[in-house]
Amino acid sequence: MADNISQDLKSGAMFYHRYPRPGKLEIQPTKPLGNQRDLALAYSPGVAAPCEAIAADPSEAGNLTSRQNLVAVISNGTAVLGLGDIGPLASKPVMEGKAVLFKKFSGIDVFDIEVAEKEVDRLVEVIAALEPTFGGINLEDIKAPECFEVEERLKARMGIPVFHDDQHGTAIIVAAAVTNALELAGKRIEDVKIVTSGAGAAALACLNLLVSLGARPDNIWVTDIEGVVYEGREKLMDRWKSVYAQKTDARNLADVITDADIFLGLSAGGVLKPALLEKMAPRPLILALANPYPEIMPEEAEAARPDAMICTGRSDYPNQVNNVLCFPYIFRGALDVGATTINEAMKAAAVKAIAGLAREAPSEVVARAYGGEAHPFGRKSLIPSPFDPRLILRIAPAVARAAMDSGVATRPLADLEAYADSLTRFVFRSGFIMKPIFSQARENPKRVIYAEGEDERVLRAVQVIVEEGIAKPILIGRPAVVETRIKRFGLSMEIGRHFDLVNPEDDPRYRDYVATYVEAAGRKGITPDAAKTLVRTNSTIIGALAVRRGDADALICGLEGRFQSRLKHIKDIIGFAPGTHEMAALSLVITSKGAFFLSDTHVQFNPDAEAIADMTIACASHVRRFGLEPKIALVSHSDFGSTDTPTAIKMRKALECIQERAPDLEVDGEMQADAALSSIIRERVYPGSRLKGEANVLIMPNLDAANVAFQFTKMLADSIPVGPILIGPAKPAHILTPSVTARGIVNLTAIAVVEAQAAETQPTLI
């Protein structure tokens, strides 16, 4: 797999894992440890009380320790991604990555455990001995056929869920895709012919689950590197594979593909040739899941069989079979009812929930996140998006119910509906809030011009932007300088091939740009002579003129110089959006507790009530682009009339303006920040608030409050800042801050592209 990624991506991954501290995980206390009494409660002598309670009743461990929310991700490193047997130590970054996904998507804590043991008996003993520590075991990257034996024996011995995600996670998503594809094709699972390429852990688990759902073994034909699995074959056979041995003279994939309804590929790129597709049954399902190169590329498959439904393991095509669709939520449901195992009923419930979600009308949230173009159920939408917020709300309750109905739940839930409601706390706390923005940007990349095209951070960001396909970059810079720095930083992009370049010292459009500048700013103190100088020397002006003239769709500037001077150029040249009287800055901070937007962090020093209403309504539309429903708090030092200072009165008047102009917005104030972020505190202060739950948009009374809050949160909450997002220009334009990283530039670029896409559907703004 390492040979299939660019040198820059390798370098970036190394930097990501090394800085600012090694690895991707840390352990944090969940209880206060601020004084001697806290220490006495947490450790000696107070800790004796819960120890005695657990000794008397082991089930109390779920109430008194973190065990019931703690999973072990365990590997011996014998089958790591596409890297093979690289050993347990080298597998640790992958296991840490899996741990991060558990935490981000479903709030489950994880210890990753890498075991230096290949012998099955000893590996089983090591893992089984860990049962007192964990509420569940996720086996990862253990090679077949040993993985079958290890899981089988652990499930028999342990009283907690043991789940080999490489097998069952893939199988569950595949089964959901098969369920929906057969519905669209008008076929029954007991009638279809299934042909596989690959007979490893994932492939066999897929077949086993499909059989449990009604597929007939005599309709299943398995091929691997040695050809067809047939009765009497001895090479590369084991008892799990032998279940699917057919009595046949067929010896290769071409011999068995005729009239197949389903092709399941978990093998290697390119093994399914277009000519073989022509032999398949009408309306076939092609599951080409080899990564990064599928058994057949979707465009090749569509050309050969326009009636085919196609799934891959890649994120750049529809119907991605991605294990993250299920494993966090399956464990969430299993842990929350104290399940002793993850059985076939629970897996079948997950299949049904995933397939059912794909058949639902597209979520309004997902549709907004994709620019209103979320695909309804059909050939291009057999399975849900990996970041559909409803996944946890559908899968975890379905798994929990199945665990209770099948008798493996030790802590049954009294109210499943209330449980499902409680799971909303995980929605949009994943830290993956930018993913819908990136996905939409890739759909229709726009031309983004970068004023500081010679800066290292811009160059590194553009390398990522090119590889991700989220924009068509245009850099402002001197060719010799840009080329020298590309080589110095070890980047692989080329001028003219991967990005365009505007040379401020020699551009054929110079005279036209000067004329446009005089036209735009001639009544704002810009003389023709001044324009001639500035269009040669000021890259922000050049970029803004490119956007105004239509030579670029969006501007990114501001790495050097003052924010306000850059803002003036944008106002003078690009101008204001219709109905806008002043611009504002919306900043996003992604924290461990969720994503929060703050405004106005950079532009308006002391906006009046009308200006606050304007920015609040504008901010709400921007927040919706992230797939979030804005829940807005007008923040003050005053709590619902507790004081009558000028800023408190201003925020009250702003609320009146907002309610008159946008009555459907969920907004309230004035309120203190703790009331905005805690419904419990808010209920004590003012039980009748129309804001429910915690706010995700905080509108501040002035620039000082907003900027200080943003900077504090950015530094002390260990959060990821995105922005500032400039609201109000006629065309997308954003001003970076000097502290921005290359990652921050990439994020803001994706936002600018999505804005530019939206602008295409609107009339010309300037």
Side-chain angles (χ1 to χ4, degrees), residues 58-59 61-63 65-75 98 102 106 108-111 113 120 123-140 142 144 146-173 175-176 201-202 204-213 240 323 326-354 392 395-413 416 419:
S59 67
N63 301 319
T65 74
S66 62
R67 180 176 186 260
Q68 210 52 53
N69 195 53
L70 186 62
V71 166
V73 171
I74 300 179
S75 180
K98 195 64 172 279
F102 266 110
S106 60
I108 294 171
D109 295 313
V110 168
F111 290 152
I113 298 177
V120 169
L123 185 58
V124 168
E125 290 298 326
V126 169
I127 298 172
L130 298 171
E131 183 169 351
T133 303
F134 296 101
I137 303 290
N138 187 95
L139 301 175
E140 190 79 12
I142 300 172
E146 288 88 342
C147 60
F148 303 121
E149 184 78 25
V150 170
E151 185 189 39
E152 188 176 277
R153 289 166 61 176
L154 288 173
K155 291 181 75 169
R157 286 183 58 172
M158 302 180 78
I160 58 175
V162 178
F163 187 81
H164 187 203
D165 184 50
D166 297 331
Q167 296 180 55
H168 307 301
T170 302
I172 287 165
I173 308 303
L204 293 178
C206 290
L207 296 178
N208 292 342
L209 184 55
L210 292 175
V211 168
S212 74
L213 296 175
W240 297 277
N323 289 5
C326 69
F327 73 80
Y329 317 123
I330 289 172
F331 267 98
R332 183 74 275 159
L335 294 177
D336 289 340
V337 296
T340 58
T341 187
I342 295 175
N343 58 24
E344 293 304 306
M346 295 160 73
K347 287 187 278 184
V351 171
K352 185 176 180 181
I354 294 167
I392 192 170
I395 299 173
V399 169
R401 180 187 292 277
M404 292 189 293
D405 291 346
S406 60
V408 299
T410 61
R411 296 194 319 277
L413 298 167
L416 268 172
Y419 170 65

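For the numbers below, each heavy atom of this structure counts, side chains included, while hydrogens, waters and symmetry mates do not.
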**Item:** Nearest atoms (heavy-atom pairs only) where A175 meets L213
**Value:** CB-CD1, 3.8 Å
**Asked** Hey, does I74 have a side-chain heavy atom less than 4.5 Å from the side chain of L130?
**Response** yes
**Message:** Heavy-atom count check: over 12 atoms from other residues, nucleotides or ligands less than 6.0 Å from R67 CZ?
**Reply:** yes
**Message:** Measuring only between side-chain heavy atoms, which start at C-beta, is Q167 closer than 4.5 Å to N208?
**Reply:** no
**Prompt:** For the atom pair OG (S75) and CD1 (I142), what is the distance rounded to the nearest 0.5 Å?
**Reply:** 5.5 Å
**Asked** Which heavy atom of F331 sits nearest a heavy atom of I137, and at what distance?
**Response** CZ-O, 3.5 Å
**Request:** Please test T341 against K155 for side chain to side chain contact (heavy atoms under 4.5 Å, CB included), starting from the C-alpha separation and ending with a verdict.
**Result:** CA-CA 7 Å; T341 187; K155 291 181 75 169; 3.6 Å; yes
**Prompt:** Is a side-chain donor or acceptor of R332 paired with a backbone partner of P397 at a separation under 3.5 angstrom?
**Reply:** no
**Message:** Could you tell me if the side chain of L123 sits less than 4.5 Å from the side chain of E146, heavy atoms only?
**Reply:** no
**Item:** Distance-minimising heavy-atom pair for V162 and E151
**Value:** O-OE2, 3.7 Å
**Prompt:** Is there a side-chain contact between P328 and I392, using heavy atoms and a 4.5 Å cut-off?
**Reply:** no
**Request:** Please report the closest heavy-atom contact between A350 and I172, naming both atoms and the distance.
**Result:** CB-CG2, 3.9 Å
**Prompt:** Out of curiosity, D336 CG to Y419 OH, how far, rounded to the nearest 0.5 Å?
**Reply:** 3.5 Å
**Message:** Does I342 form a side chain to side chain contact (heavy atoms under 4.5 Å, CB included) with V399? I'd like the steps, not just the answer.
**Reply:** CA-CA 9 Å; I342 295 175; V399 169; 6.0 Å; no
**Request:** Indicate the atoms forming the closest heavy-atom contact of I354 with C326, along with that distance.
**Result:** CD1-CB, 3.9 Å
**Closest heavy-atom pair and its distance - V110, L70** = N-CD1, 4.0 Å
**Item:** Test item: L209 and E344 side chains (from C-beta on) under 4.5 Å apart, heavy atoms
**Value:** yes
**Request:** Using side-chain hydrogen bond (donor to acceptor under 3.5 Å, both in side chains) as the criterion, point out the one residue from E152, E125, E131 that pairs with R157.
**Result:** E125
**Prompt:** Could you state the interatomic distance from CG (N323) to CG (D166), rounded to the nearest 0.5 Å?
**Reply:** 7.0 Å
**Request:** Check the pair I113 / F134 against side chain to side chain contact (heavy atoms under 4.5 Å, CB included), numbers first and verdict last.
**Result:** CA-CA 12 Å; I113 298 177; F134 296 101; 3.6 Å; yes
**Message:** Return the NZ to OG distance between K347 and S212, rounded to the nearest 0.5 Å.
**Reply:** 7.0 Å
**Request:** Flag the pair E149 / W240 as yes when at least one side-chain heavy-atom distance between them is below 4.5 Å, and no otherwise.
**Result:** yes
**Prompt:** Do the ring planes of H168 and F163 sit parallel (below 30°), tilted (30 to 60°) or perpendicular (above 60°)?
**Reply:** tilted
**Prompt:** Is there a donor-acceptor pair under 3.5 Å between the side chain of S106 and the backbone N or O of Y329?
**Reply:** no
**Note, L204 side chain near F148 side chain (heavy atom, < 4.5 Å)** = yes
